[in-house]
2 protein chains.
Amino acid sequence: MENDRIRKINKEAKIFKALSNPVRLEVLYCLLDGELCVCEIIQKLEKYEQAHISKSLIKLKEAGIVKDRKEGLNVYYSLSMECIKNFILCLDSNL
Amino acid sequence: MENDRIRKINKEAKIFKALSNPVRLEVLYCLLDGELCVCEIIQKLEKYEQAHISKSLIKLKEAGIVKDRKEGLNVYYSLSMECIKNFILCLDSNL
DNA sequence: CTTATATATTCCAAAAATGGCATATTATAT
DNA sequence: ATATAATATGCCATTTTTGGAATATATAAG
């Protein structure tokens, strides 16, 4: 159906929108090598506020780019799309 | 230098931002199979205004995603990054 | 039950994106 | 010089995003 195509495009647009912000990209970079808890990401990106990083992760999650997993007090995030990592690395080597 | 990293991230964010809009994505889809002039894109996407499509192409161009080539009255646009097509196709098969 | 730690949420003003409409530019042909 | 076709640009009201500061929630430990 034509509507499927439109739904797909909108979903893709949402993915790209989630990636269109430098802070969210930095957060994503942190996850390229594997799962991290929020606190570890906060340590790596200390220049940003905790709330900012939390919001960034949630936006990435809503777009389906990362998934999360709760363990005690911590929440662990990791990439959930193979495509994304490849693309980021491809961009990286071409910019 | 650390600044290089930041410049790179900002450039990537710009690329993602350019792709974060459904109309611009539809325009990009038109170009996946090769070069087209603006008038051909307008025909394919007749539901959108000419000005809207023109602006979309320019935004994609500013992000470095497409390049253009003038020939008489026409302007031909085409993809300028290999990564992008691969990523779009990968997304497409996973959504 | 109180405290501490990790993470998420709310509120909000400033900044940026969106898209419609009108208009401008550029190139070609007559 | 004029007309026409293809494309780009400017203006602008509306919507959306951004990020800071404060606050809330959840889990664990004492």
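Just so it is clear: chains get the letters A, B, ... in the order the sequence lines come, proteins before strands, and each one is counted from 1.
Listed nucleotides: D/dT7, C/dT5, D/dA22. Nearest to the side chain of A/Leu73: C/dT5. The nucleotide whose nearest atom lies closest to any side-chain atom of B/Ile58 is, among D/dA6, D/dT9, C/dA8, D/dT9. Looking at the side chain of B/Lys55, the nearest of the listed nucleotides C/dG19, D/dT18, D/dA8 is C/dG19. The side chain of B/Asn74 has D/dT7 as its nearest neighbour among D/dT18, C/dT18, D/dT7.
Atom CD in B/Glu49 sits roughly 9 Å away from atom P in C/dA22 (whole-Å rounding). Atom P of nucleotide D/dA8 and atom CD1 of B/Ile42 are separated by 8 Å, given to the nearest angstrom. One interatomic measurement links the two molecules: CD of B/Glu71 to C1' of C/dT28, which rounds to 14 Å at whole-angstrom precision. Atom NZ in A/Lys59 sits about 5 Å away from atom P in D/dT18, given to the nearest Å. In this structure, B/Leu60 places its CG atom 15 Å from C1' of D/dA8, rounding to the nearest Å. Between A/Leu36 atom CG and C/dT7 atom P there is a gap of 11 Å when expressed in whole angstrom units. When the C1' atom of C/dA8 is taken as reference, atom CD1 of A/Ile41 falls 14 Å away, rounded to whole Å. When the C1' atom of C/dA6 is taken as reference, atom OH of A/Tyr76 falls 11 Å away, rounded to whole Å.
For C/dA17, the OP1/OP2 oxygens have no side-chain nitrogen or oxygen of B/Asn21 closer than 4.0 Å. For D/dT18, the OP1/OP2 oxygens have no side-chain nitrogen or oxygen of A/His52 closer than 4.0 Å. The phosphate of C/dA8 has OP1 or OP2 within less than 4.0 Å of a side-chain N or O from A/Tyr77. For the OP1/OP2 pair of C/dA17 and a distance below 4.0 Å, the side-chain nitrogens and oxygens of B/Arg24 include no atom meeting the criterion.
Side-chain polar atoms of A/Tyr48 and A/Glu26 form a donor-acceptor pair below 3.5 angstrom. Side-chain atoms of A/Tyr29 and B/Glu12 form a donor-acceptor pair, as typed in the model, at a separation below 3.5 Å.
Judged by atom type and distance alone, A/Gln50 does not reach the base of C/dA6 through any side-chain donor-acceptor pair under 3.5 Å. Judged by atom type and distance alone, B/Lys70 does not reach the base of D/dT7 through any side-chain donor-acceptor pair under 3.5 Å.
Both B/Lys17 and B/Ala51 lie near DNA chain D, and the one whose nearest nucleotide falls closer to the 5' end is B/Ala51. Both A/Ser20 and A/Gly72 sit near DNA chain D, but only A/Ser20 has its closest nucleotide nearer the 5' end.
Between A/Glu62 and A/Ile58 there is a side-chain heavy-atom pair separated by less than 4.5 Å.
Using a 30° and 60° split on the angle between ring planes, A/Phe87 and B/Phe16 fall in the perpendicular class, above 60°.
When each of B/Ile84, B/Ile65, B/Leu57 is tested with B/Leu31 by the rule side-chain contact (heavy atoms from CB on, under 4.5 Å), just one qualifies, namely B/Leu57.
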